[in-house]
Amino acid sequence: MAAAGALERSFMELSGVERERPRHFREFTVCGVGTANAVVGAVKYSESAGGFNYVESGKLFSVTRNRFIHWKTSGDILELVEESLDINLLNNAVRLKFPNCSILPGGVYISETQNHVMILILTNQTVHRLLLPHPSRMYRSEMVIESQMQSIFTDIGKVDFRDPCNYQLIPAVPGLAPNSTTSAAWLSSEGEALFALPSAAGGIFVLKLPPYDIPGVVSVVELKQSSVMQRLLTGWMPTSIRGDQGPSDRALSLAVHCVEHDAFLFALCQDHKLRMWSYKDQMCLMVADILEYVPVNKDLRLTPGTGHKLRLAYSPSMGLYLGIYMHAPKRGQFCIFQLVTTENNRYSLDHISSLFTSQETLIDFALTSTDVWALWHDAENQTIVKYINFEHNIAGQWNPVFIQSLPEEEIVIRDDQDPREIYLQSLFTPGRFINAALCKALQIFCRGTERNLDLSWRELKKEVTLAVESELQGSVTEYEFSQEEFRSLQQEFWCKFYACSLQYQEALSHPLALHLNPHTNMVCLLKKGYLSFLVPSSLVDHLYLLPDENLLTEDETTISDDVDVARDVICLIKCLRLIGESVTMDMSAMMEVSCYNLQSPEKAAEQILEDLITIDV
């Protein structure tokens, strides 16, 4: 089913990484670029992540079928990983270090040409271009039948990171706006690499690297409204783009849309206005006041915007869509527009939809030509993902995505259970802990003892058991003690290891970004330590997991054409939920023991049903 399918159904998170060995990153230093006298650590940016889809990732016989690249930034480190859902990619993970620099959040842009994959990177001091071979140049065969292939990162060690053609210091004038985190980068039709940043003066400056194979000079252009516009002012021009700019015009979020021989730069600014620039003409083509689409906006007008976000989505048939998230305390609003152009190159926005939300901390959102996908993180440390079709929805109701919850904080162990067995079961049940979290906990637990942590799932289980048991043995000082004392001690050590694993699992599960592939409808959730996939729920899962209020409004025709059958299914789902809420721990144990002893589950279910009726109030 497409992410924008006709049947609005929930999605579920699937994670396949927990059993993988920890990924092996090859490390490289991009040296000699940042200035060491810059105050190291003065700029602290948040971690960020993003992804890139090959244009032909949805084509059956393409070498890039189901292939994509995702990346993560943290301080001066950029991690790049190329993934394939079909084959094993070799040498597919690299870690680049940029000494004395901090990578801008989201400051990584990937493009493909016929022969190359270009990675454009922005730090607080420098811009970089990495040139890598395109997969179609590495493997020319029409039909890919190998079970493994080399990744585009295989030969990254041959890249000369010091080549002045492919990196540049950001000039001090006009200067990067202090504490600014937004950026944009793109390739021109002539092959130049262009990097856009908000300038301290409130405009946008664009730094241009010449094409990689043609000698040329680096140039900087500042898009300033006053200097370019002063002589062009005519009656129709909005007053807001006359005169000089101040910090209030500073861009909070930048996005770029490339057209044949130009690039349109969109800037969502602190004064809650959206500005559109032509890079070729160095002209501001449009200014739109987004607060006109926000109800109760009086307070917002008086304060500079923070947390506003801008995304673009292009459809060959429908044109360019703009998604704008307007942030306000305790509430937020998505405004969706279509860019409209008239014959004499005047532009305006056609307002399509406003979508309201009460979740507070928006981490990321993604726009397609039909849907908005949004990612939040709440005060209780819960990850929330929802999506909505922005034109066709029922009263603005978002569709839920059921995210895997973190493992339970406490493990309850009955007297008839072995603590070691129960903790191992909880730690190694698929979908609960990832390999990396258990490896980190193992390192801490063994207090720096050198251990080989490139372990399979089974080897890791053996290592964890050995580590906890040897810590336990080491703490036993008396020769004799009771069974209860030993059990209590055993429980204490396993509980300690479990708590440590949980801490790492929580940290590595922190969400950073959404990644959508419009060619294949793949939806990914990029996290600090791994990525997971969001897939459409089956009908039964969808109905069982839906919140009560959504179940009441569920369209019966999506369940069955026969209304009576549909009502019976909903009634059955309600019964299942009631049973799920009423089953006690002892009842669960009864079922578990009877299955363990190869007894009939039906007999155990009958007994549980009798008990349920007996205790029913």
**Fill in**
Of all heavy-atom pairs linking Cys258 and Trp186, the shortest is SG-CD1, 3.6 Å
**Request:** Decide side chain to side chain contact (heavy atoms under 4.5 Å, CB included) for Leu460 and Leu442; before the verdict, give the C-alpha distance in whole Å, the side-chain angles of both, and the deciding distance to 0.1 Å.
**Result:** CA-CA 9 Å; Leu460 183 58; Leu442 190 57; 4.1 Å; yes
**Fill in**
Residues at least two apart in sequence or cross-chain that pass side-chain contact (heavy atoms from CB on, under 4.5 Å) with Asn91, listed by chain then number, are Arg26, Gln150, Thr154
**Request:** For side chain to side chain contact (heavy atoms under 4.5 Å, CB included), just list the numbers for Met522 and Leu516, CA-CA rounded to whole Å, side-chain angles, deciding distance to a tenth of an Å, and then say yes or no.
**Result:** CA-CA 6 Å; Met522 177 187 78; Leu516 270 67; over 6 Å; no
**Message:** With no hydrogens and no angle check, just 3.5 Å: does a side-chain donor-acceptor pair link Thr64 and Ser57?
**Reply:** no
**Request:** Answer yes if the ring centres of Phe433 and Tyr504 are under 6.0 angstrom apart, and no otherwise.
**Result:** no
**Message:** Just to verify, what does Phe266 make a ring-ring contact (aromatic ring centres under 6.0 Å, His included) with, not counting sequence neighbours?
**Reply:** none
**Message:** Parallel, tilted or perpendicular, judged at 30° and 60°: which one describes the rings of His70 and Phe68?
**Reply:** tilted
**Asked** Relative to the ring of Trp494, is the ring of Phe497 parallel (under 30°), tilted (30 to 60°) or perpendicular (over 60°)?
**Response** perpendicular
**Prompt:** Hey, what's the ring geometry for Phe28 with Phe161, parallel, tilted or perpendicular (30° and 60° as the breaks)?
**Reply:** tilted
**Asked** Can you name the residues that form a salt bridge (Lys or Arg N to Asp or Glu O under 4.0 Å) with Lys496, not counting sequence neighbours?
**Response** none
**Request:** Give a yes or no on whether the backbone of His392 and the side-chain of Asn389 come within a donor-acceptor separation of less than 3.5 Å.
**Result:** yes
**Message:** Under the rule for ring-ring contact (aromatic ring centres under 6.0 Å, His included), what residues qualify as partners of Tyr212, not counting sequence neighbours?
**Reply:** His116
**Request:** For Glu506 and Gln503, indicate whether the former's side chain and the latter's backbone hold a donor-acceptor pair under 3.5 Å.
**Result:** no
**Request:** Taking side-chain contact (heavy atoms from CB on, under 4.5 Å) as the test, write out the residues that go with Ser537, two or more places apart.
**Result:** Ser10, Met12, Phe402, Asp541, His542
**Request:** Not counting sequence neighbours, which residues clear ring-ring contact (aromatic ring centres under 6.0 Å, His included) with His519? List them please.
**Result:** none
**Complete:** For Asn100 and Gln125 the tightest heavy-atom approach is O-NE2, 2.6 Å
**salt bridge (Lys or Arg N to Asp or Glu O under 4.0 Å) involving Lys461 - partner list, sequence neighbours excluded** = none
**Request:** Taking ring-ring contact (aromatic ring centres under 6.0 Å, His included) as the test, write out the residues that go with Phe365, two or more places apart.
**Result:** Phe334
**Message:** Using 30° and 60° as the class boundaries, would you call the ring planes of His257 and Tyr314 parallel, tilted or perpendicular?
**Reply:** tilted
**Request:** Check Leu197 against Ser183 and note the closest heavy-atom contact, atom names and distance.
**Result:** CD2-CB, 3.8 Å
**Pairs touching residues 522-531 that satisfy salt bridge (Lys or Arg N to Asp or Glu O under 4.0 Å), sequence neighbours left out** = Glu13-Lys527, Glu47-Lys528
**Prompt:** By salt bridge (Lys or Arg N to Asp or Glu O under 4.0 Å), which residues pair with Arg129, not counting sequence neighbours?
**Reply:** none
**Prompt:** Is the centre of the His515 ring less than 6.0 Å from the centre of the Phe52 ring?
**Reply:** no
**Message:** According to salt bridge (Lys or Arg N to Asp or Glu O under 4.0 Å), who are the partners of Asp378, at least two apart in sequence or on a separate chain?
**Reply:** none
**Item:** Side-chain ion pair, Arg311 and Asp364, N-O less than 4.0 Å
**Value:** yes
**Prompt:** What pairs meet the salt bridge (Lys or Arg N to Asp or Glu O under 4.0 Å) rule with one or both residues in residues 83-94, with sequence neighbours excluded?
**Reply:** Arg23-Glu83, Arg65-Asp86
**Item:** Shortest non-hydrogen contact from Leu122 toward Ala196
**Value:** CD2-O, 4.4 Å
**Prompt:** Can we call the ring centroids of Phe356 and Trp398 under 6.0 Å apart?
**Reply:** no
